[in-house]
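Structure record follows, encoded as structure tokens.
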Amino acid sequence: MRCPGCGERDTRVVDSRDLDEGSTIRRRRECPACSVRFTTYERAEAARLVIAKRDGTRQEFDRDKLAAGLRKALTRRPVPDQAADQAADQIETELRSGGIAEVPSSRVGELAMEKLRALDQIAYIRFASVYQSFEDLEDLKREVDTLYATRDDDGDDL
Ligand SMILES: [Zn+2]
């Protein structure tokens, strides 16, 4: 790290400590040439995750936007307040765990529907009807029939 005082390249670390539970490292450095002391911070840069949309455009993955979409589908459904945020976090983790910098928006949609389906079937149908834009009532009925067919047998009506 170059000295901000004299430009000397070879500065010395005199103190190093973890901040933010280890997500940041603060280092105190000293320049052997002019004795200036300065501080540097080291943080991991979150890898970029780009979503490729169906129309060919690309945009940075927006976790908050995804959470808002999930929250909207879950409006007034009997799920915990943080359900949408947790689902968005899980989806982001899954998308990032692939180690691929670019994923199709359809993958995000699939994961969102998967999470909603497990959370609340009405929310799932709400989201799917917008996301998949069912062509007609037949499409919608097929989806509902599938839900009934794969329903848990624990008697829970959700
Ligand atoms: Zn210096």
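Indexing begins at 1, ligand by ligand and atom by atom, following the structure's order.
Inter-residue side-chain proximity for Val50 and Arg48 is flagged as met; some heavy-atom pair is nearer than 4.5 Å.
The shortest heavy-atom contact between Pro104 and Ile51 is C-CG2, 4.3 Å. The nearest pair of heavy atoms linking Thr11 to Pro32 is CA-CD, 4.0 Å.
When atom types are taken as modelled, the side chain of Arg126 and the backbone of Ala73 share a donor-acceptor pair closer than 3.5 angstrom.
Taking 4.0 Å as the cut-off between side-chain N and carboxylate O, Glu114 and Arg117 do not count as a salt-bridged pair. One finds no salt bridge joining Glu8 and Arg2 here, because no Lys/Arg side-chain nitrogen approaches an Asp/Glu carboxylate oxygen to under 4.0 Å.
The distance cut-off of 2.8 Å around the Zn ion (ligand 1) captures these protein N, O or S atoms, sorted by chain and number: Cys3 SG, Cys6 SG, Cys31 SG, Cys34 SG.
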